[in-house]
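All chains are named by letter (A, B, ...) in the order of the sequence lines, taking the proteins before the strands, and each is independently numbered beginning at 1. None of the values given here were measured: they were computed from a predicted structure.
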2 protein chains.
Amino acid sequence: MAESLTMKGAANSPDADIGNLVCSSPVTTAPLAESEATELARILAALADPVRLRLLSIVASSPEVCSCALEGPLAKSQPTISHHTKVLADAGIITGEKRGKWTWWHANPDRIAAIRKALGG
Amino acid sequence: MAESLTMKGAANSPDADIGNLVCSSPVTTAPLAESEATELARILAALADPVRLRLLSIVASSPEVCSCALEGPLAKSQPTISHHTKVLADAGIITGEKRGKWTWWHANPDRIAAIRKALGG
DNA sequence: TAAACATATCGACGTGTGTCGATGCTACCA
DNA sequence: TGGTAGCATCGACACACGTCGATATGTTTA
């Protein structure tokens, strides 16, 4: 069977419109509410790490990537890779699917687009 | 006189094309080089704070905003506001202009657009 | 069932960061 | 010239975060 590993916690609001997935209006348009700022900061913090940015760029460049294919290019230990994939998944930026022994990761373009939109896109 | 307070350090590359101000190609397109990932992470880290996001949203919503007009809405001490404006300015996201006693801040839309572009825009 | 493999979790360590009081510096005003 | 206002810097503190070895969990294979 395939089990889905996605974001959890406050980020997992099922009724959120895909356009306003992160903020109701862009940062450049109107003063942000405190709750929106906290939520957007949480998601941006998930991206604000060189290892995670490279991890995302590798995952987003392929349909899906196995965890074991990340350890080499990123030159980090297995627990560290697992930690970073979890952070990105909790932020909803990537999603992991467990098939057999392996976990396959793929990017969530909609969420990334929502982040861009929150930044004034 | 008016003195300009902008970003400094590696971010201040005068010959950088405005389109590729942050990365040569979007995170979603191709694996990121280590240097590009480090630089983009530094800029995203400047945004990944709720106080700074609200600060930016206030500054970006007006042509320019005085430092003294930030202390109230953000409910932080004067040294803390000064710290956050410096972080955003070092990342090139806002620019400060000192006129008389006051420092006036305004957003840098080009840089914010470059960040969006680095995120796949 | 036992062994091997992929991944997640735990615990610990060093480092980075947000915060603020105290202080310093510059510009304006009486 | 003395006083005040706006802002930057310094020093210190608490907390969060990236990292990895050790260990646990679950899956495949012999």
In whole angstroms, how far is the [atom2] atom of [N] from the [atom1] atom of [X]?
X: A/Lys98; N: D/dT28; atom1: NZ; atom2: P; result: 10 Å
X: A/Arg99; N: D/dT28; atom1: CZ; atom2: C1'; result: 16 Å
X: A/Gln78; N: C/dC10; atom1: CD; atom2: P; result: 14 Å
X: B/Leu70; N: D/dG6; atom1: CG; atom2: P; result: 13 Å
X: B/Ile81; N: C/dG21; atom1: CD1; atom2: C1'; result: 16 Å
X: B/Lys101; N: D/dC7; atom1: NZ; atom2: C1'; result: 11 Å
X: A/Trp102; N: C/dC5; atom1: CH2; atom2: P; result: 12 Å
X: A/Glu71; N: D/dT19; atom1: CD; atom2: P; result: 13 Å

Of all the choices, [options], which nucleotide is nearest to the side chain of [X] once you look at every atom?
X: B/Lys76; options: D/dC20, C/dT19, D/dC7; answer: C/dT19
X: A/Thr80; options: C/dT19, D/dC20, C/dA8; answer: D/dC20
X: A/Pro79; options: D/dG18, D/dA22, C/dG21; answer: D/dA22
X: B/Cys66; options: C/dT7, C/dA8, D/dC7; answer: D/dC7

Select base, sugar-phosphate, or nothing to describe what B/Ser82 touches, counting heavy atoms under 4.0 Å on all strands. base
Classify B/His83 by what it touches in the nucleic acid, base, sugar-phosphate, or nothing, heavy-atom distance under 4.0 Å.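 Base contact - B/His83 has a heavy atom under 4.0 Å of at least one base atom.
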Please evaluate residues A/Leu32 and A/Glu34 with respect to the criterion side-chain contact (heavy atoms from CB on, under 4.5 Å), reporting the C-alpha separation (whole Å), side-chain torsions for both, the decisive distance (0.1 Å), and the verdict. CA-CA 6 Å; A/Leu32 232 55; A/Glu34 197 157 346; over 6 Å; no
Counting only side-chain nitrogens and oxygens, does A/His84 get under 4.0 Å of the OP1 or OP2 atom of D/dC17? no
Test log, rule side-chain contact (heavy atoms from CB on, under 4.5 Å), inputs A/Ile43 and A/Arg111: CA-CA 10 Å; A/Ile43 297 173; A/Arg111 178 128 259 230; 3.6 Å; yes
side-chain contact (heavy atoms from CB on, under 4.5 Å) for B/Val27 and B/Leu40? Distances and angles first, verdict last. CA-CA 10 Å; B/Val27 185; B/Leu40 180 55; 3.7 Å; yes
Among A/Asn108, A/Val59, A/Leu47, find the one that has a side chain to side chain contact (heavy atoms under 4.5 Å, CB included) with A/Ile93.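 Only match with A/Ile93 under side chain to side chain contact (heavy atoms under 4.5 Å, CB included): A/Leu47.
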Side chains of B/Glu97 and B/Thr103: do they bring a donor and an acceptor to under 3.5 Å?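 B/Thr103 and B/Glu97 do not have a side-chain donor-acceptor pair below 3.5 Å.
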